[in-house]
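Since we're looking at a predicted model, the values are computed, not measured. A note on names: the letters A, B, ... follow the listed sequences, proteins ahead of strands, and every chain is numbered from 1.
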2 protein chains.
Amino acid sequence: MTNELDIFCAVAKHGSMSRAAAELHLSQPAVSQRLRALEEQYGLQLFRRTNRGVELTPAGETLVRYAQRILQLERSLQAEMASLRAAEPKQVVIGATSAIGGYALPCTVYLFQQKYPDARIQLQIGKRCDVIQRLEDGLVDLALVEGPLVTALPDDWQVSVISEEELVLITPPTGPLAGKEAYTADDLTRLPLIIREPGSGTRMAVEEGWQAAGRDLRDLNIALELTGVDAIKTSVASGHGVALVSRWCVRAEARMGHLRIAPLTDIAFTSRWTLIVPKQGMKGAMERALLRTLRSPAERGFC
Amino acid sequence: MTNELDIFCAVAKHGSMSRAAAELHLSQPAVSQRLRALEEQYGLQLFRRTNRGVELTPAGETLVRYAQRILQLERSLQAEMASLRAAEPKQVVIGATSAIGGYALPCTVYLFQQKYPDARIQLQIGKRCDVIQRLEDGLVDLALVEGPLVTALPDDWQVSVISEEELVLITPPTGPLAGKEAYTADDLTRLPLIIREPGSGTRMAVEEGWQAAGRDLRDLNIALELTGVDAIKTSVASGHGVALVSRWCVRAEARMGHLRIAPLTDIAFTSRWTLIVPKQGMKGAMERALLRTLRSPAERGFC
DNA sequence: GGTTTTTACGGACAGCGTAATTATT
DNA sequence: AATAATTACGCTGTCCGTAAAAACC
């Protein structure tokens, strides 16, 4: 959440709630509301509302001076704490499967590194079963995998679902397979489906969603089995078939027009993203901060 | 909500979460939780947990220095804003009926004055109809009355129910009327009931609750009609009868043993407390702060 | 066993976004 | 009409309290 003094200073700087809201990536009403709350808290009007924005009252100008000093102090504090963290650098190894580790996580790790530049975060991407194996062997500190857990782990591991991601149907942007506006489950029995190898989380999610709709797995028209998301994307883009993948994996291609994300009308596939952490480990403040980031939809900022 | 740096400093000062929690009027787990959040935010351990409390780590000691400067700055800011408020003193006149104005509101007004010492708040207590009359005449800025609104006001008044208060049965602490542990609706048809004058909010609430239980008003054994809560309390304490009053009005007497609050098993009476404000008025920051205080159960602190 | 902190869980409120409304030129 | 701010409303996450558990003498 953005600091109220930050909001106040931004509005004072721009002389406009709308512009301040844009700078802070907030909605304009949110800024208006926080500002009003601040005025109520002090019992003083801080801005005069004019037809083309706002301007500071004397009370507002007083607050600006204090706010700037306080914010400056907080920035120095942040810097000093960062240097203290740097004194005892921590290494954390994250194991993840390809859809998560290759697409969603890099942004999260980047953002986290921005905040904690001294943290050494290593991202190991591998097959689902390998990731879990490495976790059990203590070679990675935590794991993020797709799909449900097949084997129950001993209970010194804490397992939590951090996200339910929708699988989307991707088709070539042009050609015979790009004909329809929207697709149904029946279409999936006819279209050549390119699918991940058995054992992968995405494969599990597809099969689970298909059976949940009361269908038989043999009705899927599997044209090709490929290992890894990238191979599938390339193959679909070349017009070899359609596929079901996590939305994150194809955002870039969809925007560029290399692939088309087609709506599914009467069936939906979801993939659960699961975080696995050893109950004993991850006790330090930095480790906890990382967990918090991964668990909080707002902070992890998958991109 | 208490500032996180305040919490941190209190814990640092006492070397104990429990003692800090007591000082801040918070639960001990709440302090623990906020402290952990602070540690996660900075990615550093701030306290070493020992068996008899906590002690600062080097990072914690750094934070103490910054926190004290920031808190000091905030205190100066508060002081300066208070002096700015004092430059343009505001007078607000509150009209209220006796149960609200005489018992619940004084604490609220006191707390508000502590926070805004320059606010001149005047509390006018009167009969329900008089209060509303004075509001319409503009002689009071806002009104707090008990019970529902009989006459619909024109819609440039904003009416909101701020609290549903339970009416409790009070009996003399000793004597023939103090016999039973708990009372029923049937008992109320036999006990001598001392009741407020018609038109008062409490009277309305009693009659409404009685009829809502499917009873006839004539079955109430009204022994005496008195004007004002105090007269009723005196009369009940003297053993002349029992009465139904707002809990706030008799907290002191119940604690002292002058009156007994007796449970009602099969009937309940509630009195709605209504806040009436002119939609146009109360636009200033101070006025809004007062309204916020009156509307927020946490802040108004009826006592 | 006693003291202190942590974990777990449910409820209340704050802060935000979307959408609709108001005010001012 | 157009621009800027406010109000209304539903949702989500934070913060807090109670209760139970765990750590550390």
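- For the pair B/Val168 and B/Phe269, the minimum side-chain heavy-atom distance is 4.5 Å or more.
- Remark: of the listed residues A/Glu88, A/Lys90, A/Met286, A/Met286 is the sole one forming a side chain to side chain contact (heavy atoms under 4.5 Å, CB included) with A/Asp118.
- The residue B/Arg48 sits apart from the nucleic acid: no heavy atom pair falls under 4.0 Å.
- When distances run from any side-chain atom of A/Leu26 to the nucleotides C/dG17, C/dG15, D/dT7, the shortest one goes to C/dG17.
- Within the structure, every side-chain polar atom (N or O) of B/Ser32 is placed at least 4.0 Å from both OP1 and OP2 of C/dT5.
- Place A/Thr2 and A/Thr50 on DNA chain C by their nearest nucleotides, and A/Thr2 ends up nearer the 5' end.
- Each of D/dC25, C/dT5, D/dT6 was ranked by its minimum atom distance to the side chain of B/Asn51; first place goes to D/dC25.
- Atom-to-atom, CZ of B/Arg288 to C1' of D/dT7 comes out at 10 Å; the value is rounded to the nearest Å.
- Neither OP1 nor OP2 of D/dC24 sits under 4.0 Å from any side-chain N or O of B/Arg52.
- With a 6.0 Å radius and a threshold of 12 heavy atoms from other residues, nucleotides or ligands, A/Arg295 has its CZ atom above the threshold.
- Counting to the nearest Å, the C1' atom of C/dA23 and the CZ atom of A/Phe47 are 19 Å from each other.
- Closest to the side chain of B/Arg36, from the set D/dC16, C/dT6, D/dA5, is C/dT6.
- As rounded to whole Å, 10 Å separates atom P of C/dT7 from atom CD of A/Gln158.
- Between A/Arg292 and A/Glu299, at least one side-chain nitrogen of the basic residue sits less than 4.0 Å from a carboxylate oxygen of the acidic one, meeting the salt-bridge criterion.
- Sequence order on DNA chain D of the closest nucleotides to B/Gln33 and A/Gly15 puts A/Gly15 first from the 5' end.
- At the heavy-atom level, B/Pro29 lies under 4.0 Å from base atoms of the strands shown.
- The nucleotide whose nearest atom lies closest to any side-chain atom of A/Arg292 is, among D/dG17, D/dT14, D/dC16, D/dT14.
- Residue-environment remark: CD (A/Gln72) stays at or below the threshold of 12 foreign heavy atoms within 6.0 Å.
- Here D/dT6 presents its P atom at 13 Å from CG of A/Leu38, a figure rounded to the nearest Å.
- Side-chain proximity of A/Met1 to the nucleotides C/dT5, C/dT7, C/dC16 is greatest for C/dC16.
- Residue B/Ser16 is in sugar-phosphate contact alone, with no base atom involved, counting any heavy-atom pair closer than 4.0 Å across all strands shown.
- In the set C/dA14, D/dA5, D/dG17, D/dA5 carries the atom at the smallest distance from any side-chain atom of A/Arg49.
- Here the P atom of nucleotide C/dA14 and the CZ atom of B/Arg295 are 13 Å apart, to the nearest Å.
- Between the P atom of D/dT7 and the CG atom of A/Leu35 lies a distance of 13 Å, rounded to the nearest Å.
- Distance B/Leu24 CG to D/dC15 P: 15 Å, rounded to the nearest Å.
- Rounded to whole Å, atom P of C/dT5 lies 14 Å from atom CD1 of B/Ile7.
- Distance from the side chain of A/Ser18 is smallest to D/dA5 among D/dA5, D/dC25, C/dT18.
- Outside the 6.0 Å centre-distance limit, the rings of B/Phe8 and B/Tyr66 are not counted as a close aromatic pair.
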